[in-house]
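All figures in this text were calculated on a predicted structure; none of them were measured in a lab. Only heavy atoms go into these numbers, but all of them, side chains included; no hydrogens, no water, no symmetry mates. Every chain is numbered from 1, with letters handed out A, B, ... down the list of sequences.
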Amino acid sequence: MGITSVLTKDNVKKIDTDIDVQERDLNVFITSASRVIAPLWPISTFAARNPWMGLENQPFDQVASWLKNTRDVDIYPSASMIRSAKNKGEIDEDFVEMGLQRWLDSHSYHIPRDVAERFCHAALKLDPLPSDLLSSHELEKLVSECSGLDHIENVFMQPLSSYIENQDGERLVNILDHHVIKWSKLYLDDSQAGWTMPNREEGFYRAWQHLIQYDPALSKKQRERVKGWPKEAHLALQEALFALEIPESEIQTYLEGHLLSLPGWAGMMLWRSQQSSHEHALLTEYLAVRISMEWALIKPYLPLTNERSKKTISIAPLIAAWIHWGGLTLEEWSQMTASEQNEYLSFAYSFDEKLRKKLWLEAWEQTYTDRLSQKIISKQRETGREKSALAQLAFCIDVRSEPFRRQLEKEGPFETIGIAGFFGVPIATCELGSKHSHASLPIIQKPQNKIKEFADEDVFKKYNQRKQAIHSLSHTFKTMKQNALSSLLLPELSGPWLTLQMAARSFVPRKAGRFIRNLREAWLRKPDTKLSLHHDATEAEIPVGFTDEEKVNYARQALKMMGLTENIAPLVVICGHGSQSTNNPYSAALDCGACGGAAGGFNARVLAALCNLSEVREALLAEGIKIPEDTVFAAAEHNTTVDELHWLYVPELSEAAQEAFEQIEAVMPKVRHHVNAERLAQLPNFQSKLKNPKAEANRFAEDWSEIRPEWGLARNAAFIIGKRELTQDCDLEGRAFLHNYDWKQDESGELLANIIVGPGTVAQWINLQYYASTVAPHYYGSGNKATQTVTAGLGVMQGNASDLLAGLPWQSVMESDHEAYHSPLRLLILIQAPREYVERLLNHDSAFLQKVQNGWVRLASLDPEGCWESW
Amino acid sequence: MLVSLSLSSLLTLFFIMLMASGISGLLFLHPRVPLSFVRIHIGILALPLLVSLLILANSGVSGNVGPWHLDSLACLMTFFVLAIGFIIQRFSVRYLMGDRSYRKYFTLFTFTTGAASMTWLSGDLRLMVLFWGATLVGLTLLIRLNSAWQVASEAAKISGRLFLLSWFSLFFAMMWLFHATGQWQLSLVVTNESLAGLGEWERTGIQLLIVLAVIIPAAQWPFQRWLVESIVAPTPVSAIMHAGLVNAGGIILTRFSPLFHGGIASIILLLLASISVLIGTGISLVQVDYKRQLVGSTIGQMGFMLIQCALGAYIAAIIHLILHGLFKATLFLQAGSAVGRHEVSTRTNERTSYLWVMAGRILSLVIGVAFWLTAPGDGYHLISALILGWSLSVSWDQLVAFGEGRIGRIAGLTVLGGAALVYFIIHHLFYKWLHTTIFQSVQPPMSAVMIVVCLLLFGSALGTWVARHRSSVFFAVLYLWLVRLGEAKPKSVESHPDYLKQYIS
């Protein structure tokens, strides 16, 4: 046992003296370390999150090699994905070649170019080196003769417990993870358990510190080690780090290592710490618990002797690579001089697997860009906007809007518009009779106003009673379940009813689903509601309703974003979107990402109602935005699972608006038919030819056994900011986010800047969420849906227990266990504007510049002359 | 009767259909058969189910056909297992779409449920042991369906070991029975005459072996670990496990009921089962994972089923195991719905409804006592009355007393009345149906009944006490022990599903 790690009273005192400084330092370390994780919010409001949001100041490939070294996580597409994309023709090999030549030109090496090229070409086939070569005796001999390579790889400090195995051969870090998962889920539980964790009110660390001395999952000795542990989290963290002898220079790396062990749970702690003031130190508490437990577990193995010896590069694979790919024979190799060998080795070392995959990924992206530009440029409409649109429909930028808009435009004189699905109204929404309010805007922004749905007092009271009756049913079920005696009767009481439901849902999924939904709605009979648009009170620091000024501002902002300042049609429909799936823990992932992972109909209603207010119209007119008298704004919700438009708010219509409304209604079945057929062809199914796409789409939505109710935003690849005429005649295959933008209306560049900051970030996050879940499904995805369990009401775990899994499930990005559906490409942002606009944007928005430079998004522009430029 | 086919020809038809479904399952394994064949497979699966329904409708009398034994219990269990299996396979068609082991899954599932249904039709001890063994093997293979995933293999290993112990225990019990009675045929073994020849220690030995054999699949303490760790299996596998296989104990004990005349084995069973009820309920109280709560609940419910058996209330046990199976299968299949915003309903009138609460208490007491008085001599009836009265009181509070306004109370009363009505109708039907089955129930000693009553009341009281003393050391210890009992071992836990890396490489 290490004497050095035993804490003496003197040591503790020494810590105490300069506690203030240390606490501040420690907080700095924790804050800097937390860049490696991203906050994670509950799955019920699953909005896409970029797992690398704190790392954008580093280039993509640097983060890639750091993750490979520290966690063995590969964030480039795997060889099989690349191969399959190549076979499908998604990668033009000329681009690979161009990338290779560029790389060869920019690197200096003293190897004949043709030899180097031959080596690279063979290596770029991405086949693994044959294992019999790697284990052959001849190779071993060559390795022993070779002097080695004078590179040294960076070694990042890992949690000490990952270097130690116990007598059963289990790595202690796994045992540590197991404990930390348990404590985290018990603490974070959102009203799932009947008995909550004792002392939870006092905070995570305190509760743990109180309980750990009784935990039977630890041995008696381990319990004793933490018995007298400090009462304060930061003291405990200091003490543990001290006891583990982590040098100050490595503390941040050390904390990072611990955060990366369970990035999901740590991310949830981080999110919670940002939500309320009384939990603001939650991440510190988490680290205190984790590292204190680590100390308790590894104490008998301290001090460690040879855990962190410098990693030397194994040269066997490098020599093997030259023999297998470079076509060298063993003799040729052994005849080389030592310096020649070194040159060859270091060449092979720098042309590693990561670089090869990078070349492929960039070629894949380049191919997509190339094809998109050809498509857009060849089909660009010459003429401007057709003046006589009967109705204008604004949809979310979501990639699923694109096919719907395309079909809708085909069917009649309708103009469609793309705008972020919260329509620029930064609100928290509160549905009728609900205590809970939802921040219905991009996660990165904070709500400014709260809008409540309300109804007449007596109607509301009756409705509330009906709603409570349903609630009390599920509440009774829960209460009976949690009572020792009544739980024994519960299966016999509820069994027959559940059986009925199970049988119906299994054999007539569509009808059963609809029946249950209708029954519920018929019972609830939700009354007609109004919105609290007018400012009256302030609740929880947010004003309820808008001031007169805000009303005008939000309406103006939204109209400008949509480019709707002139030629306004008699009917303008603001369409939010939502999804419909049954028995799907990820249903929120299919909803609107710009509305914080919920359906966007509420926001659509708010904007439409604002634009109908006479005072708003008057104020806008004074600023030169004329909304014709007979123009009516209505709100609807686009159901992306069945592609239906559901009207939410239709005020009294003018004659012209009525005509438009009727025409929309008339074409809707046809639109739906086409979009359903287009989308269903992509979803795995047994029937290749569908007779009735509508019925099948409904089945996907209502079937409780459906694992892929829709594809969501899979295959997204581009964000096009420009006029609709640019893309109107292109089939973008539901892969592009579309935002309306007319640079002529944006002299100051403010609109463009806003689009990049808000919708641009939403699109980038969605894109990287899909990217990460595809390339590293085990680490950034959330694994197979069939083996998940919902935990603590917050998220899902795999199997018996695991990290709180943050990303998209396996089935959301994979067509089957053998074939990927999503193509992991980094988002291509295309801006239709003159070059100066883009330059100005990059100069003003340094965060965006960083994203582009470091490869977290790709940027291209299309100027008025039709000249395409990649940045 | 729709068709006046003789039982034996129906049974022949049944086995042909069962074979057909097995063949279809095997056929599906072949990579040349298209995946869409699964829909035909589901159609073929319906055939044995329909025939078993026909048998169920025809099984007025019990009798032996060759080595098979047909009575209302056997028919009911066969139908039940096949029906649950059918529904879950139908569910899996979409749910497991794209899975690597898609074909293997359907084959294994068909065989497992087929073997389970044959187990309950067996009239010969050897066949019963054989088929039960096959069922356990099938289940183990289903747990390790995803063999690339190390934690799934680990769970399968643990389950397999415990199943082996259980199976050998049953095997030796059957050998012993044959040795003692000279009979392989179940109906001849469990007659009073042949059992009369057993010595007291022989009887106890066999009883103990059977008890061991049944408490393992029922995941009773201290053998709950396999159920706790097999959560790694895909949801539909958990559904069949919790619905159709953990409850085998109830059927086996019913079959061998003449063997049990009180005695030490019954008391041991009673004790273990009562402890398991408390532990299981405790696990589902402290756990926060949806599936783990269900595991806790299953342990408790199976404990209750075994208590019913130990107290001689076999029909009640059968009803419980069937309804619990359906209940749990549904809850597993809808595991994806466990996410939701949990609005803490504010009960404005929780205080003002004192009168309503009191009315509920009195009503529950009256109904409980009245129910007990319908058969006051029956030991299990007392427990039944207690649970009934208690549940009424709990649900009355939630549905009626705390109901929001008139609408809330009327709706609550309607639901309560409707549920009670359906409950009594279903029970009546089951009793009428099952009373023809041969089983022998002996009144347990009153002391045993009292032990159970006291344990259950103790459990309830503990719950109330804990709510008031949440910061006590006792609660901390109890809480952590319950957490520990419901958690898997570190070996069966992986922080990230690393096997997916192999899938994409």
Side-chain angles (χ1 to χ4, degrees), chain A residues 43-44 78 174-175 177-178 185 189 191-195 198 211 214-217 465-466 468-469 471-472 476 479-480 483-486 488-489 491-493 495-496 498-499 502 506 583-585 684 686 705-707 777-779 783 786-787 789-792 798-803 816-817, chain B residues 36 87 90-91 94-95 98 100 151 231-232 234-235 281 285-286 288-291 304 323-324 326-327 330 334 336-339 341-342 345 387 390-391 394-395 398-399 404-405 407-408 411 419 422-423 426 459-460 470 476-477 480-481 484 488 490 492-493 495-498 500-501 504-505:
Chain A
I43 194 171
S44 58
S78 69
N174 294 345
I175 297 176
D177 284 344
H178 180 251
K185 72 176 184 189
D189 173 43
S191 56
Q192 295 298 302
W195 289 354
L211 287 175
Y214 310 114
D215 189 3
Q465 288 179 0
R466 291 193 295 268
Q468 286 299 336
H471 271 302
S472 75
T476 309
T479 319
M480 288 185 79
N483 184 299
L485 277 175
S486 58
L488 301 175
L489 191 70
E492 298 181 23
L493 269 182
L498 289 173
T499 310
M502 169 164 75
S506 298
N583 201 18
N584 177 17
F686 292 127
S705 66
E706 184 52 62
I707 202 89
H778 62 294
Y779 193 70
T787 49
T789 174
V790 173
T791 189
Q798 275 292 333
N800 280 312
S802 77
D803 188 15
S816 72
D817 283 358
Chain B
S36 56
I87 286 181
R90 166 71 190 74
F91 182 90
R94 301 294 317 176
Y95 193 73
R100 279 196 175 197
V151 290
I231 295 176
V232 293
T235 308
T281 314
L285 272 176
V286 298
V288 299
D289 315 347
Y290 180 78
K291 285 186 180 173
F304 185 55
L323 289 177
H324 169 262
L326 294 164
F327 166 83
T330 314
Q334 63 182 23
S337 313
V339 173
R341 202 162 287 132
H342 308 280
S345 53
I387 292 177
W390 196 285
S391 306
V394 171
S395 51
Q398 299 299 329
L399 286 172
E404 191 92 10
I407 295 180
V422 170
Y423 172 81
I426 297 248
S460 286
R470 293 193 13 94
V477 174
L480 289 168
W481 265 105
R484 158 116 207 250
S492 311
V493 171
S495 64
H496 294 97
D498 284 334
L500 289 178
K501 259 201 293 197
I504 56 165
S505 64

S.K.: List for me each residue that meets salt bridge (Lys or Arg N to Asp or Glu O under 4.0 Å) alongside A/Lys185, sequence neighbours excluded, and say none if there are none.
M.R.: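 Partners of A/Lys185 by the salt bridge (Lys or Arg N to Asp or Glu O under 4.0 Å) criterion, ordered by chain and then number, come out as B/Asp289, B/Glu487.
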
S.K.: For the interface with chain B, which of A/Gly194, A/Ser816, A/Pro198, A/Gly799 has the highest count of heavy-atom pairs at distances below 4.5 Å?
M.R.: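 Heavy-atom pair counts peak at A/Pro198.
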
S.K.: Top residue by heavy-atom pair count (under 4.5 Å) with chain B, among A/Ala786, A/Gly495, A/Ser486, A/Ala792?
M.R.: A/Ala786

S.K.: Tell me, side chain or backbone of B/Ser505 under 4.5 Å from chain A's heavy atoms, or both, or neither?
M.R.: backbone

S.K.: Between B/Ser337 and A/Asn583, does the side-chain hydrogen bond (donor to acceptor under 3.5 Å, both in side chains) criterion hold? Intermediate values first, please.
M.R.: CA-CA 4 Å; B/Ser337 313; A/Asn583 201 18; 2.9 Å; yes

S.K.: For chain A, which candidate among B/Gly408, B/Pro497, B/Ser36 shows the most heavy-atom pairs at distances under 4.5 Å?
M.R.: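 Sorted descending by pairs with chain A, the first entry is B/Pro497.
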
S.K.: Which is it for A/Thr499 and B/Phe327 under the side chain to side chain contact (heavy atoms under 4.5 Å, CB included) test, yes or no, and what are the steps along the way?
M.R.: CA-CA 7 Å; A/Thr499 310; B/Phe327 166 83; over 6 Å; no

S.K.: Who wins among B/Asp498, B/Ile407, B/Val422 for the most heavy-atom pairs under 4.5 Å with chain A?
M.R.: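 Answer, by heavy-atom pair count under 4.5 Å with chain A: B/Ile407.
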
S.K.: Chain B heavy atoms under 4.5 Å from A/Asp177: which part of the residue, side chain, backbone, both or neither?
M.R.: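 Only the side chain of A/Asp177 comes within 4.5 Å of chain B.
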
S.K.: Sequence neighbours left out, what passes ring-ring contact (aromatic ring centres under 6.0 Å, His included) with B/His496? Give chain and number order.
M.R.: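 Only A/Tyr779 meet the ring-ring contact (aromatic ring centres under 6.0 Å, His included) criterion with B/His496.
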
S.K.: Would you name the heavy atoms of B/Leu500 and A/Gly783 that are closest together and state the gap between them?
M.R.: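 Distance-wise, the nearest heavy atoms are CD1-CA, 3.7 Å.
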
S.K.: What distance separates A/Thr476 OG1 from B/Leu399 CG, expressed to the nearest 0.5 Å?
M.R.: 3.5 Å

S.K.: What heavy-atom pair brings B/Phe91 and A/Ser705 nearest, and what distance separates the two atoms?
M.R.: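 Closest heavy-atom pair between B/Phe91 and A/Ser705: O-CB, 3.2 Å.
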
S.K.: Please tell me if the side chains of A/Leu489 and B/Tyr423 come closer than 4.5 Å, counting only heavy atoms from C-beta onward.
M.R.: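 Yes; the side chains approach each other to less than 4.5 Å.
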
S.K.: Between A/Thr789, A/Thr791, A/Asp189, A/Leu488, who has the most heavy-atom pairs with chain B when the cutoff is under 4.5 Å?
M.R.: A/Leu488

S.K.: Take A/Ser802 and B/Val493, measure what side chain to side chain contact (heavy atoms under 4.5 Å, CB included) needs, and give me the verdict at the end.
M.R.: CA-CA 7 Å; A/Ser802 77; B/Val493 171; 5.8 Å; no

S.K.: Any chance the side chains of B/Ser495 and A/Asp803 put a donor and an acceptor closer than 3.5 Å?
M.R.: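 No.
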
S.K.: Do B/Leu326 and A/Met502 have side chains that get closer than 4.5 Å, going by heavy atoms?
M.R.: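 Counting from C-beta outward, B/Leu326 and A/Met502 do come under 4.5 Å.
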
S.K.: B/Val288 and A/Ala193: which non-hydrogen atoms are nearest, and at how many Å?
M.R.: CG1-CB, 3.9 Å

S.K.: So which heavy atom on B/Ile387 is nearest to which on A/Leu485, and how close?
M.R.: CG2-O, 3.6 Å

S.K.: Sort out for me which of B/Pro490, B/Ser492, B/Ala411 touches chain A most, counting heavy-atom pairs under 4.5 Å.
M.R.: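 When all of B/Pro490, B/Ser492, B/Ala411 are compared, B/Pro490 has the most.
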
S.K.: Quick check on the interface: out of B/Val232, B/Val151, B/Leu285, who has the most heavy-atom pairs with chain A under 4.5 Å?
M.R.: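 Looking at each of B/Val232, B/Val151, B/Leu285 in turn, B/Leu285 comes out on top.
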
S.K.: Under a 4.5 Å heavy-atom cutoff, which of A/Asn483, A/Asp817, A/Leu498, A/Ile707 has the most pairs with chain B?
M.R.: A/Asp817

S.K.: Can you name the nearest heavy-atom pair linking B/Ser460 to A/Ala484, along with the distance?
M.R.: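 Taking B/Ser460 first and A/Ala484 second, the nearest heavy atoms are OG-CB, 4.1 Å.
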
S.K.: For the side chain of A/Thr787 and the backbone of B/Pro234, is there at least one donor-acceptor N/O pair under 3.5 Å apart?
M.R.: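 Here the side-chain-to-backbone pair does not exist.
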
S.K.: Top residue by heavy-atom pair count (under 4.5 Å) with chain B, among A/Pro585, A/Ala469, A/Pro216, A/Ser78?
M.R.: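 Top option by heavy-atom pairs under 4.5 Å: A/Pro216.
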
S.K.: Is it the side chain or the backbone of B/Arg470 that comes within 4.5 Å of chain A heavy atoms, both, or neither?
M.R.: both

S.K.: By a 4.5 Å heavy-atom criterion (distance strictly below it), what part of B/Ile426 contacts chain A: side chain, backbone, both, or neither?
M.R.: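 The side chain, not the backbone.
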
S.K.: Relative to chain A, which segment of B/Thr281 carries a heavy atom at a distance below 4.5 Å: side chain, backbone, both, or neither?
M.R.: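 Looking at B/Thr281, just its side chain touches chain A.
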
S.K.: Minimum heavy-atom separation for A/Pro491 and B/Leu323, please, with both atom names.
M.R.: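 Shortest heavy-atom separation between A/Pro491 and B/Leu323 comes out as O-CB, 3.9 Å.
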
S.K.: Please look at B/Val394 and chain A and tell me whether the side chain, the backbone, both or neither of the residue comes under 4.5 angstrom of a heavy atom of that chain.
M.R.: side chain

